[in-house]
Every structure is written in structure tokens, then in C-alpha cells.
Amino acid sequence: MAQEPTPEKHGAAASGHRGGTLRLVAAASGGTLDPQINYTAKYINLYAVVYDGLTTFRKVTGPGGNDVVADLAETLPTPQDGGLTYVFTLRPDLHFSNGQPVTTADVVASFRRIFRVGSPTAGSFYSAIAGADACLNSPATCTLKEGLTEDPAHRTITFHLARPDTEFLQKLAFTHAVILPASTPDHDIGNTPAPGTGPYRVVAYDPNKYLNLDRNPAFHVWDAQAQPEGFPDRIEYTFGIPDEAAVTAVENGQYDWMADAVPMDRLGELGSRFTAQTHVARHPAMYFIPTNVNLPPFNQLKARQAVNYALNRKAMVILYGGPGIARPLCGMLPSSFPVASDQCFYTRGASPSAPAAQWSAPDLEKARALVRESGTAGQRVTLVTANTSLDYAMGTWLRDMLQNIGYQATLRPLSSSMAFNYMQNSANHVQIALKDWSADYPSPSNFLDDLLGCENFHPNSDSSINIPGFCDKRVQALMDRAKTDVSLTRQQTDDLWRQAEHLIMEQAPIAPAIEKDDVIITSPRMKNFFYTQVNKLFFSQVWLR
């Protein structure tokens, strides 16, 4: 399989490549159309061509795709007052897809709405805004009047932060911070699309069958590196095609791209017969096993550590497709990050007090002993996974592993359209799960603070990405300093993230399994494969022949 190729030129010389319908396929839909609530890669990457924020990530391939650039704002502001004040000027002559002008009032309302609708990243990404704490405690009465001021005459919006945030511009570039009309309801809009500013608009949606987009008649290019004009005239997303069938359909050109992971048993044929249509791209991503620290048996530290010791990460690599596209992961930070996991606590011959340099093998005897010592042997455990071929295969292996170390384990596969939300909601009493995760932008905070920050545990909510319900004050203090202390060097900030990761792994609320590459199959007619570090395959820039 080829590594990520360099795309062809796509500027004015590529104008002849406009047209056609891009056909996407998935086993199930991705849930709500609300861009400030949905947290699935299945839709977030699609929303990148429908919505815009004040900032965005540069739409180029390679490392430059990690750079933040101005989007609906004219320029990136220079932080003032020691990083507490950001003043943005809105571009003139912007319109939503319904023809309505974009105003500073829309910007203010959009950020207020993040808290009112309970966006999954409201706490982890936007809590530094002054007044955010009150909004998190009482979303319905959120005003953010301390944190946001507007000057419509000069098209400026000023953010006032309660504390510095070294990643604030990156967080504004994330999908949950897109700008919507101020009239957008302060609740999950479900199957009703909101107008956006990107080159495409949602025109039809049936979560059981399809999601269709066509060109936004109000769109014009203000900066091609922020939001370029799209090549396809139309994008059609079809649901209900299982992953095995989807692979065949994409190979044969019935669809152009599939959302679900390619099943392991199909990888061989891709590498031998469909090499030109198969792409392997590095992206900070992993599979992990969250264990609920508030429910038996995993409210016991030794039970959580047992899962980490028993996990055969080599087997998980094989189930994903082999060492060419996956590697064992001992900690929370994939190797594609500059600050990556550098110690392995849970491998044969190692421990938190005597870590190894890397994972070598599981230690089932140690795991069984810990289960007995924890007093949880024989307890019933239900493992929740998505029902895709890959997740089901991994889940079956993990169920057997749990039985092997002393539990009465069962597997509960759920539709991929609902599994993530179900895992997040504490009302569902999920004891243990299997989940994959990708970086929202290249920072350790995406894996440590997002998945295990105290502010990201919201009981009885489908938007609680801290699935284990983990909260540790020492860990949170380290992460908060890494995010807010503007006096630190990069080395000092990286050291704080490493310290936080080590403390987390000692308590083992998560068992990291593997880091994985992105394996993408495309149709024979799809050209100009355009893969960005943040948005993966950027749908607006492909050519259809």
C-alpha cells in the first residue's frame, strides 16, 4: 500500500476538474446534524466543507495543515494583556447559505450556544473564556457577557479570558466553534441542518438512508488556504452498507470513499490488487479501553491494572491489520506527537515503579493475581463496542481476555451510530468499552485532558467524553498549567504533559491498546487525494473523473 501521496496542483489550472458527485458510504449515520454537538469523525470531517469558524487549520497537505489561519476573521489577532484578550475583526460581505449576512451578533450567540447546548468540548476547550464557569454550572442561563463583547460598527468581537490558554486559537478552529446564525435554537437541532458559510450546504437527511450536500450559492472564496472552492458539485453520503460490502463497492467504483475502517480480512487484496486506490496516512490516533472508575469491578485500582497487564497489544495490532499500519501503545500519546509516551508500566516484567522502555508481552499471571487481590474475581462484566467488523473482532478477543483473568464477561455490540454516545452516558452504567480516538488538533491535551479531564465528565449526558469518569486533582493541576502558563518553554510544557500521563497511567483509568494509521480506499475515478493532518480526506478538493 502506498503512503500518503502528494496531491496534484489544484489552483486555477485545476478549474477543469469541477463537477460530478462525490459518493461516500458508511454502515450507519453519524448522529445529530448539530455541528456544535456532534463529535464523530464521520461528520466532523464533512462539516469542514459546510461550516467555518473565526479560525481554521490551513487546507494544505503535510505538516503545514497543522497551522492555524484566519477564516471568518480577517487576521489572526495578537494576544493582549498577557494572553487574556483576543480581538477579532469579522470579514465583510459574509453570508450564510440561506442568504443571511454574518454579523458579530452571530459570533457571540454561537459561543454562548456552545454552553447552552452542552457541547462535548465546552469545558475542555472553551472554559478559559470569562464567565464560562457559570455557563458550565448553569447552561440555560449562560450569557458569556463577561467573556465576549462586540462592536458591530467595526465588525469586532473581543474575547476576554479568565486565564491564558496557549491553545486558544487552535480550539477556535475546531468544529464545535463554528459560527451559526444567532437564531439557531439553543438545543440539539437533530436532523434539521443549520445554515453554514462553507462551499457546501446540507439539503437532505434521512439518518437511516442518506445525507446529501450541494453547492452553497452564497459562498465565495475569501482565502483559499482557509476555505477553498469545492470541486465536486454534489456530495452524497449513503448509510446502511456494511463495511465488507462497502469495500467491494468502493473497489468497483460504486462509491468513492468509505467512512468505516477497512476490515482486516480485506487488507491483503487492497495491497495486492488495488494499490493505486489504497492510501496509508499517519494521523495521531489510537484504540483504547476505558474502564469506569466509579462502578464495580473497575472502581478498584488493581482491577484496572489487571486489564492493562492482560492486554495483548500485539494481538490488537494483528486484528487491526498488522505492524505496517499499527503499533502497540503503552501510554496515552501516539508516537506521531513530538511529546509521545516514553514508558511502559504494564508489560511483562514491568510496573509503575519499574517501567520498561516499550511493551513486550502481556502478563496474564500478574493480571489474574491482581483480579483476585482486588476482590472482584467472578464478577459480571459487560464490554461495549461498536458493531463494525473491526470493533467486533477486537471486542470478541477482549471479552475472552476478561474471562481468562477471572470475570464473567459478555460482549455488547451497538450500532456505530450510537455506540459512542452510549459509552459516554453514565446512566447506561457502562463498565468497560472499546473505542478509537483521533486528535482534534496536534496536542497532548487532545488525548489527556479531553479524555480524562475533570471538566469533561458530565453525569447522565451523551456528551461526556471522559468515559471512565476519572478526576484527579494532581493530574488536572499539571494539565491546567500546561495549557495556561505562557511563561513556560516548549520543553517545560512537554514535561508537564509527561508527568500528567505518568500519573494517569499509574491509576489506569484507560488501557491504551494500539496507535493506528489511517487506511483509506478510494474509487478508481477519484483523483487528487487531498489528506490534511486535521480533517483527513478533505472532500471539497478531490477530483472526479
Side-chain angles (χ1 to χ4, degrees), residues 10 17-22 24 30 32-38 40-60 65 68-74 88 90-103 106-107 109-111 113-114 172-184 189 192-205 211-237 257 440-441 528 530-532 534-544:
H10 66 284
H17 296 282
R18 280 177 55 106
T21 297
L22 177 65
L24 316 178
T32 177
L33 286 185
D34 198 316
Q36 294 191 316
I37 295 178
N38 194 295
T40 65
K42 193 173 291 184
Y43 282 0
I44 282 181
N45 294 332
L46 188 68
Y47 290 160
V49 300
V50 179
Y51 299 102
D52 295 281
L54 292 173
T55 68
T56 191
F57 293 95
R58 193 185 307 276
K59 301 306 187 296
V60 297
V68 177
V69 296
D71 192 0
L72 297 184
E74 289 187 333
F88 292 89
L90 200 61
R91 295 182 189 271
D93 302 320
L94 295 170
H95 291 81
F96 293 107
S97 56
N98 61 1
Q100 175 183 331
V102 180
T103 69
D106 297 313
V107 176
S110 295
F111 280 90
R113 187 177 184 273
I114 290 172
L172 295 186
F174 185 61
T175 308
H176 291 160
V178 297
I179 306 306
L180 305 174
S183 58
T184 307
I189 57 177
T192 304
T197 51
Y200 297 93
R201 59 178 179 176
V202 177
V203 293
Y205 183 49
L211 171 61
N212 294 336
L213 287 70
D214 65 13
R215 291 190 182 276
N216 170 9
F219 176 76
H220 65 89
V221 177
W222 48 83
D223 184 342
Q225 293 195 82
Q227 188 63 278
E229 183 178 6
F231 288 109
D233 285 335
R234 185 174 173 85
I235 301 175
E236 294 182 352
Y237 216 146
W257 173 89
D440 297 326
Y441 56 86
N528 198 45
F530 197 96
Y531 190 96
T532 74
V534 174
N535 297 119
K536 300 188 178 182
L537 183 61
F538 194 57
F539 299 120
S540 73
Q541 296 307 289
V542 302
W543 301 343
L544 304 171

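- The structure places CG of D71 at 6.0 Å from CH2 of W222, a figure rounded to the nearest 0.5 Å.
- Checked by atom type and distance alone, the side chain of E236 never pairs as donor or acceptor with a backbone atom of T21 at under 3.5 Å.
- At a threshold of 4.5 Å between non-hydrogen side-chain atoms, the residues D106 and Q100 count as touching.
- Taking both residues in full, the closest heavy atoms of V102 and L90 are given as O-CD2, 3.6 Å, listed atom of the first, atom of the second, then distance.
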inquiry  = Please evaluate residues V107 and L72 with respect to the criterion side chain to side chain contact (heavy atoms under 4.5 Å, CB included), reporting the C-alpha separation (whole Å), side-chain torsions for both, the decisive distance (0.1 Å), and the verdict.
reply    = CA-CA 10 Å; V107 176; L72 297 184; over 6 Å; no
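- Contact check for R91 versus D223: side-chain heavy atoms found under the 4.5 Å cut-off.
- Residues V69 and T56 form a side-chain contact, since some pair of their non-hydrogen atoms from C-beta on lies under 4.5 Å apart.
- A donor-acceptor pair under 3.5 Å is absent between the side-chain atoms of H17 and the main chain of P232, judged by distance alone.
- In this structure, OG1 on T175 lies 9.0 Å from CG on N38, to the nearest 0.5 angstrom.
- Side-chain contact check for F174 versus F57: every heavy-atom pair is 4.5 Å or farther apart.
- A salt bridge links R113 and D34; the closest N-O separation between the charged side-chain nitrogens and carboxylate oxygens is under 4.0 Å.
- Minimum interatomic distance between Q36 and S110 (heavy atoms only, all atoms of both residues): NE2-O, 3.1 Å.
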ask   = Could you go step by step and tell me if Y237 and K42 meet the side chain to side chain contact (heavy atoms under 4.5 Å, CB included) rule?
value = CA-CA 10 Å; Y237 216 146; K42 193 173 291 184; 3.1 Å; yes
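- For the pair F88/T55, a side-chain contact is recorded, criterion being any heavy-atom separation below 4.5 Å from C-beta on.
- Between W257 and F539 there is a side-chain heavy-atom pair separated by less than 4.5 Å.
- Between V49 and F538, the closest side-chain pair of non-hydrogen atoms falls below 4.5 Å.
- Among the candidates V202, V542, L22, N212, the single residue satisfying the side-chain contact (heavy atoms from CB on, under 4.5 Å) test with I235 is L22.
- Minimum heavy-atom separation, P92 to E74: CD-OE2, 3.5 Å.
- Residues P181 and P195 approach most closely at CD-O, 3.7 Å, considering heavy atoms.
- With hydrogens and angles disregarded, no donor-acceptor distance shorter than 3.5 Å links the side chain of E229 to the backbone of Q541.
- Across all non-hydrogen atoms, the minimal contact from T197 to F219 is O-CD1, 3.2 Å.
- Taking OG from S540 and CG from L213, the interatomic distance works out to 11.5 Å, rounded to the nearest 0.5 Å.
- Here the NZ atom belonging to K536 is positioned 5.0 Å from the OH atom belonging to Y531, to the nearest 0.5 angstrom.
- Y51 and Y47 have perpendicular rings, their planes meeting at more than 60° on a 0 to 90° scale where under 30° would count as parallel.
- No donor-acceptor pair closer than 3.5 Å links the side chain of K59 to the backbone N or O of Q225.
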message = Show, in sequence, the C-alpha distance, side-chain angles and deciding distance for V534 and N45, and conclude whether the side chain to side chain contact (heavy atoms under 4.5 Å, CB included) test is met.
response = CA-CA 9 Å; V534 174; N45 294 332; over 6 Å; no
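- Between Q227 and V221 there is no side-chain heavy-atom pair separated by less than 4.5 Å.
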Check against side chain to side chain contact (heavy atoms under 4.5 Å, CB included), N216 and F96 = CA-CA 9 Å; N216 170 9; F96 293 107; over 6 Å; no
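- Between T32 atom OG1 and I189 atom CD1 the span is 6.0 Å, to the nearest 0.5 Å.
- Side chain of R201 to main chain of P193: no donor-acceptor pair is present (N/O by atom type, distance under 3.5 Å, no hydrogens or angles).
- Going from atom CG of D214 over to atom CG of D233 covers 9.0 Å, rounded to the nearest 0.5 Å.
- Contact detail for A218 and S97: the closest heavy-atom pair is CB-CA, 4.3 Å.
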